[in-house]
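For reference, positions follow the sequence shown, starting with 1.
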Amino acid sequence: MTEIHRMKVNTLSEAKREALRNFGKTDGSQRVCVVELDSQGNPVSASYTRLPGDQAWVTVDMQEEPNIEDLLVDACAGILPPDFDRWELAAPAGYTVAHVAAHYANLPRSFDRWELATPTGWTVAHEAAATQNLPPDFDRWELADMDGYTVRDAHKNCRKVLEAYNEAGE
């Protein structure tokens with residue numbers, strides 16, 4: 001079972017320093033996920049890394065119901081409970097727990113709520129397509145945002161960016 005320690009920090013490097021200061025070295029499998037929130041509590045960016053070291057990361061269990069910030073961090077780090085089913089929970093701007101999990105390829109294989117969307121219509125499927133995290137059997141390509149931008153469009157554009165990046169690197 002994954003244990004979690006939450007802390008308020010400003011940067012990913014500060015989170016790593018604080019984790020190492022408080023908990024010593026780790027075995028390298030522990031993850032730090034920092035979700036930056038704006039003044040209304042909406043996620044504006046997320047960072048993710050592994051901690052270095054050779055000892056277990058001591059953590060704290062949360063007793064109360066996790067808030068949206070906690071759930072977004074857990075979705076980023078891939079540590080939501082296996083039976084988690086509240087994918088629609090969202091930050092005030094509408095970015096859901098499912099969007100974050102899709103971005104980091106942390107949705108369960110059984111996930112089927114691809115139509116969950118922000119107020120602008122950006123679906124979980126769009127997020128997964130834009131980050132190349134759609135499952136091989138995905139078949140909801142027609143989902144579109146308010147401007148008619150489909151999941152197929154998001155997938156194609158992401159592939160073009162990756163191809164250009166790979167060509168530039170050669």
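- Of all non-hydrogen atoms in Leu107 and Ala102, the two that sit nearest each other are CD1-CB, 3.6 Å.
- Residues Val97 and Ala75 share a closest heavy-atom pair of O-CB, 3.7 Å.
- Rounded to the nearest 0.5 Å, atoms NE2 (His155) and OG1 (Thr131) are 11.0 Å apart.
- Considering only residues two or more places apart in sequence or on other chains, Arg152 meets the side chain to side chain contact (heavy atoms under 4.5 Å, CB included) condition with Trp141, Thr150, Lys156.
- When all heavy atoms are compared, the tightest approach of Asp139 to Glu142 is O-OE1, 3.8 Å.
- To the nearest 0.5 Å, the span separating CD on Glu88 from CZ on Arg113 amounts to 4.5 Å.
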Listing, residues 122-130 side-chain donor-acceptor contacts under 3.5 Å, not counting sequence neighbours, or none:
{"unit_1": "Trp122", "atom_1": "NE1", "unit_2": "Glu127", "atom_2": "OE1", "d": "2.8"}
{"unit_1": "Thr123", "atom_1": "OG1", "unit_2": "Ala125", "atom_2": "N", "d": "3.3"}
{"unit_1": "Thr123", "atom_1": "OG1", "unit_2": "His126", "atom_2": "N", "d": "3.0"}
{"unit_1": "Thr123", "atom_1": "OG1", "unit_2": "His126", "atom_2": "ND1", "d": "2.6"}
{"unit_1": "His126", "atom_1": "ND1", "unit_2": "Thr123", "atom_2": "N", "d": "3.1"}
{"unit_1": "His126", "atom_1": "NE2", "unit_2": "Tyr149", "atom_2": "O", "d": "2.6"}
{"unit_1": "Glu127", "atom_1": "OE1", "unit_2": "Tyr95", "atom_2": "OH", "d": "3.3"}
{"unit_1": "Glu127", "atom_1": "OE2", "unit_2": "Tyr95", "atom_2": "OH", "d": "3.1"}
{"unit_1": "Glu127", "atom_1": "OE2", "unit_2": "His103", "atom_2": "ND1", "d": "2.7"}

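- Heavy-atom minimum distance, Ala91 versus Leu72: CB-CD1, 4.5 Å.
- Phe84 places none of its side-chain heavy atoms less than 4.5 Å from the side chain of Asp74.
- Asp145 meets the side chain to side chain donor-acceptor pair (under 3.5 Å) test with no other residue; sequence neighbours excluded.
- To the nearest 0.5 Å, atom CG of residue Asp147 and atom OG1 of residue Thr120 are 8.0 Å apart.
- Here the closest heavy-atom approach between residue Asp153 and residue Gly148 is recorded as OD2-O, 3.9 Å.
- For Ala93 against Pro119, the heavy-atom pair with the smallest separation is O-CD, 2.9 Å.
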